[in-house]
Number of protein chains: 4
Amino acid sequence: MQSSPLTPGDPAAARADGGRTGRVPRAEREQQMLDAAVLVFSRRGFHHANMDEIAELSGVSKPMVYAYLGTKEELFIACLRRESARLVSGLAAAADPTLPPDQQLWRGLKGFFEFVGAHRDGWSVLYRQARTQQPFSAEISRMREAVVEVITDRLDGALRQEGRQVKPDDLTAMALTLVGASESLADWLADHPDEDPGRTATRLMNAVWLGADQLMRGSTWRPPTP
Amino acid sequence: MQSSPLTPGDPAAARADGGRTGRVPRAEREQQMLDAAVLVFSRRGFHHANMDEIAELSGVSKPMVYAYLGTKEELFIACLRRESARLVSGLAAAADPTLPPDQQLWRGLKGFFEFVGAHRDGWSVLYRQARTQQPFSAEISRMREAVVEVITDRLDGALRQEGRQVKPDDLTAMALTLVGASESLADWLADHPDEDPGRTATRLMNAVWLGADQLMRGSTWRPPTP
Amino acid sequence: MQSSPLTPGDPAAARADGGRTGRVPRAEREQQMLDAAVLVFSRRGFHHANMDEIAELSGVSKPMVYAYLGTKEELFIACLRRESARLVSGLAAAADPTLPPDQQLWRGLKGFFEFVGAHRDGWSVLYRQARTQQPFSAEISRMREAVVEVITDRLDGALRQEGRQVKPDDLTAMALTLVGASESLADWLADHPDEDPGRTATRLMNAVWLGADQLMRGSTWRPPTP
Amino acid sequence: MQSSPLTPGDPAAARADGGRTGRVPRAEREQQMLDAAVLVFSRRGFHHANMDEIAELSGVSKPMVYAYLGTKEELFIACLRRESARLVSGLAAAADPTLPPDQQLWRGLKGFFEFVGAHRDGWSVLYRQARTQQPFSAEISRMREAVVEVITDRLDGALRQEGRQVKPDDLTAMALTLVGASESLADWLADHPDEDPGRTATRLMNAVWLGADQLMRGSTWRPPTP
DNA sequence: TATGAATGAGAGTTCATTCAT
DNA sequence: TATGAATGAACTCTCATTCAT
């Protein structure tokens, strides 16, 4: 199991700062470090990632990384937070609560898959790891629960508008289905570079909005023409 | 990151063999080792698991573990294989291909969640880990693909019988949705000890068979009364 | 650095006894073990050789090896002794003390290189190892000194017959030269499978009997036509 | 197999740096490490040497050794290279190609034995080990071949100047004889602390330049009076 | 005679983390 | 702000050797 440098050739060129050296303001340095860390954690996995490589890729010495972003675990969590913040802000913008539920769902899914597609080796890899590596499960659970809650709220809201109601646990199950299915297809998307994120979102809409039964009867859900 | 013995107190009582000592035939010892390994890997995670603990819990010294089951990675894979073989044989028995598709699906899901419920800290934990720890992804991908293929085949078969047809990629998406949603709910089940596996299966049926749309219109899918 | 079995394929066929099993008289078993040990020690080196492989190749379980031939070190020494006894008895027969000195030398060298050529991966490899591995240096020194002494005695005898005398240290130096040069060329021979041992002996005769000076003046020593 | 500290008593006094502690620049530390490693490898042999002892003797903890000079094998090769570079540069200076061949040979041998005498427990011990320990044979073969080639070239050059010629294989045999005999006598020298390197060189000149025949006839080669 | 089961002891290697400058 | 030098602590894996049968 050999491990090769993430970027071959000239080490200066490999640095995330493009070789830039010397005094750099803290905020900027931190971003460079996070960039490097996301890259290394994604490629190697949390445990096989080593701080030396992250430091080198940031164009800084190890003590700087510790000084700015703390221990390895804290660094990983910082990565997770930055990436998830990016995702969440994207989704929030996409899924306008005033839209009808299928439109909300569609936009949310589309936003999600587009994000995943654009960060193929960043977000989803970190996320998957975090879900199973013990010290991060708490962090991740919180994120996941937040998402599940948003979804149940939106579904519930839509139902109430029509005077209907569904038992909370069923709503939760629906939300978990959505989240799980999305994760599953996100993995698939990450492995199929030619697949268009929008198409993936459509597929999932078909599956979860119509349901297998309808789907098998020949119904098809189509994205609204923009 | 605390690390306490898996079972406190008398180390003899902690052993997976219930304290039995001395010479044990190979086949039996191997099972004890796998039991111990599944336990330790699940609780600690692959990387935090250490071979000493697994050995001690098997009632044997470390070299025996290496002699019988190879390196740590090989041991993990052996665990994975044993557990997944148990699962697969259960599922195959449950989902009789002559049944109508919703019945097949229902039985498959029920079998799956019952298995997961019965091995709350075995199978699903190993499985989740394997999906993200690099050296095992190949093994896991193979398992997952096998499952996805079975599902698509069954769906396809059911469709053909009715003279219908769906594009392969859509079938795959459906299967991935099922698998992902199942994994997601399996996690939830593992975290909710009071939840009945059958109910979890029902919830998922509602979500994926009927679809969110139907569900929101008030339709409900009900398991057949036995 | 992978290590592959010394003989591939069917393990039964790999055994030095040709697959023969069951009760075998002690003397015969010991020879099988020594055969196996010589092979393994030569190929792997003393330290990388492991008792499991030797036992397996002997067609016996490890405890038998220990019972018959003792510890790993003792086993190695037993190999060394058996092989060197074979060599010495060959040489003693070859170099008849009544012959003129160059004839003795020639026959001795020829005998030596023929032996080495015939045991390309036995004797010389063991011997080389033993010279540098600490616990065996004593054993080896004794062997080497015995050879050096024989040579000096023979040279001295020949000189006395002609009423001449050479200082002991010079005789020793000559003998050491012969031994060292022989070892050196033996290695070379081991690496050149097509080279004829007799030719190697001739080359060495030219070098050490005539000397570089004579050689460069065009003199040549020729082996006697038999 | 006893194993006692290389230098008894105060561990600080045992350090190759004479007790100097604290921060030391890399270049210097590396030399200390190599010094320590040469000592330990020579005394204990490659396999019985252990990295802890080398580290301690360098006045540093193990990880520093790994950081600067790599694995045990790489460290050994580094020792070999440093020592052989020292030797080669010495020899090259000694054996001026414009001199007559016996002068070249004499100077080369003298230089070699003086080097060996001065590093009695360094070079020759490492070298001997390397020849038999598998992973180093490549490195050693290269060194040896380089030496053999230099010798054959020089002999060949001398011959051509006199309009003479000798078959390549015979030249090689001559060179191998020289090298082998030198190695053999170097060992002897290492075991006889009172022997003067110059005398050893003279003995070998007698043996290989004049040849046993001449030697026995009473001829003697004498080193030039300086 | 013969062996499967078992182990104590130790070695190399890696890494997160921190001083001293 | 920045870093080269340094380490404690683990952990995987191997092997010669011996019981118990």
Side-chain angles (χ1 to χ4, degrees), chain A residues 3 21-26 29 47-55 59-68 70-75, chain B residues 3 21-29 47-55 58-68 70-75, chain C residues 3 21-26 29 47-55 59-68 70-75, chain D residues 1 3 21-30 47-55 58-68 70-75:
Chain A
S3 81
T21 307
R23 314 229 140 193
V24 173
R26 172 160 189 157
R29 267 284 193 253
H47 257 99
H48 289 59
N50 78 336
M51 297 295 275
D52 285 271
E53 193 176 13
I54 292 172
V60 187
S61 70
K62 255 187 304 180
M64 285 302 301
V65 179
Y66 280 89
Y68 281 0
T71 73
K72 192 184 185 187
E73 280 187 13
E74 289 163 349
L75 177 56
Chain B
S3 110
T21 305
R23 322 215 121 203
V24 173
R26 176 167 186 152
E28 191 179 339
R29 212 33 127 201
H47 261 99
H48 290 60
N50 90 345
M51 297 296 275
D52 285 276
E53 192 176 15
I54 292 173
S58 316
V60 189
S61 71
K62 240 188 317 181
M64 285 301 301
V65 180
Y66 279 90
Y68 283 177
T71 73
K72 193 184 183 185
E73 280 189 13
E74 288 164 348
L75 177 57
Chain C
S3 82
T21 308
R23 314 228 141 192
V24 171
R26 172 161 186 158
R29 266 285 194 253
H47 256 97
H48 289 59
N50 79 336
M51 298 295 276
D52 285 271
E53 192 177 12
I54 292 173
V60 187
S61 71
K62 255 187 305 180
M64 285 301 301
V65 179
Y66 280 88
Y68 281 179
T71 74
K72 192 184 183 186
E73 280 187 14
E74 287 163 350
L75 176 57
Chain D
M1 228 173 312
S3 109
T21 305
R23 321 215 123 202
V24 172
R26 176 167 186 153
E28 192 179 340
R29 210 37 124 198
E30 282 185 348
H47 260 99
H48 289 61
N50 90 342
M51 298 295 276
D52 285 277
E53 192 177 13
I54 292 173
S58 317
V60 187
S61 70
K62 243 185 320 180
M64 285 301 300
V65 180
Y66 279 89
Y68 283 177
T71 72
K72 193 183 184 186
E73 279 188 15
E74 288 164 349
L75 176 56

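Chain A is the first sequence line, chain B the second, and so forth, proteins listed ahead of strands; every chain is numbered from 1. Computed from heavy atoms alone, side chains included, the values below leave out hydrogens, waters and symmetry copies.
Here the straight-line distance linking atom NZ of A/Lys72 with atom CG of A/Leu75 works out to 9.5 Å at 0.5 Å rounding. To the nearest 0.5 Å, the span separating CE on A/Met64 from CZ on A/Arg26 amounts to 7.5 Å. Put simply, CG on D/Asp52 and CG on D/Asn50 are 5.0 Å apart, with the number rounded to the nearest 0.5 Å.
The side chain of D/Tyr68 places an N or O atom within less than 4.0 Å of a non-bridging phosphate oxygen (OP1 or OP2) of F/dA5. Using a 4.0 Å cut-off, no side-chain N or O of D/Arg29 falls inside it from OP1 or OP2 of F/dG4.
Nearer the 5' end of DNA chain E, as judged by each residue's closest nucleotide, is the contact made by B/Met64, out of D/Asn50 and B/Met64. Judged by closest nucleotide on DNA chain F, D/Ala67 is the one of D/Ala67 and C/Met51 placed further toward the 5' end. If C/Ser61 and A/His47 are placed on DNA chain E by their nearest nucleotide, the residue sitting closer to the 5' end is C/Ser61.
Atoms NZ (C/Lys72) and P (F/dT14) sit 14 Å apart, rounded to a whole Å. Between D/Glu73 atom CD and E/dA11 atom C1' the separation is 14 Å, expressed in whole Å. The nearest whole Å value for the distance from the CD atom in A/Glu53 to the C1' atom in E/dC15 is 13 Å. Protein atom NE2 of D/His48 is 14 Å distant from nucleotide atom P of F/dC15, rounded to whole Å. Following rounding to the nearest Å, C/Leu75 (CG) and F/dT17 (C1') show an atom-to-atom distance of 14 Å.
Relative ring orientation between D/His47 and C/His47 is described as parallel, the plane-to-plane angle staying below 30° on a 0-90° scale split at 30° and 60°.
Look at F/dT21: its Watson-Crick or wobble partner, with both distances under 3.5 angstrom, is E/dA2. Here F/dA9 sits opposite E/dT14 as a Watson-Crick or G-U wobble pair (both hydrogen-bonding atom distances under 3.5 Å).
At a threshold of 4.0 angstrom between heavy atoms, the contacts of A/Asp52 with the nucleic acid are absent. Across all strands shown, D/Arg26 has heavy atoms under 4.0 Å from sugar-phosphate atoms exclusively, and none from any base.
Panel note: side chain D/Glu28, backbone D/Pro25; no donor-acceptor pair is recorded below 3.5 Å. Between the D/Glu30 side chain and the D/Ala27 main chain, no donor and acceptor come within less than 3.5 Å of each other.
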(request) Apply side-chain contact (heavy atoms from CB on, under 4.5 Å) to A/Val65 and A/Lys62, showing your working. (result) CA-CA 5 Å; A/Val65 179; A/Lys62 255 187 304 180; 5.5 Å; no

Check: protein-nucleotides 18-21 of chain F nitrogen or oxygen pairs below 3.5 Å:
| unit_1 | atom_1 | unit_2 | atom_2 | d |
| --- | --- | --- | --- | --- |
| F/dC19 | O2 | B/Arg23 | NH2 | 2.5 |

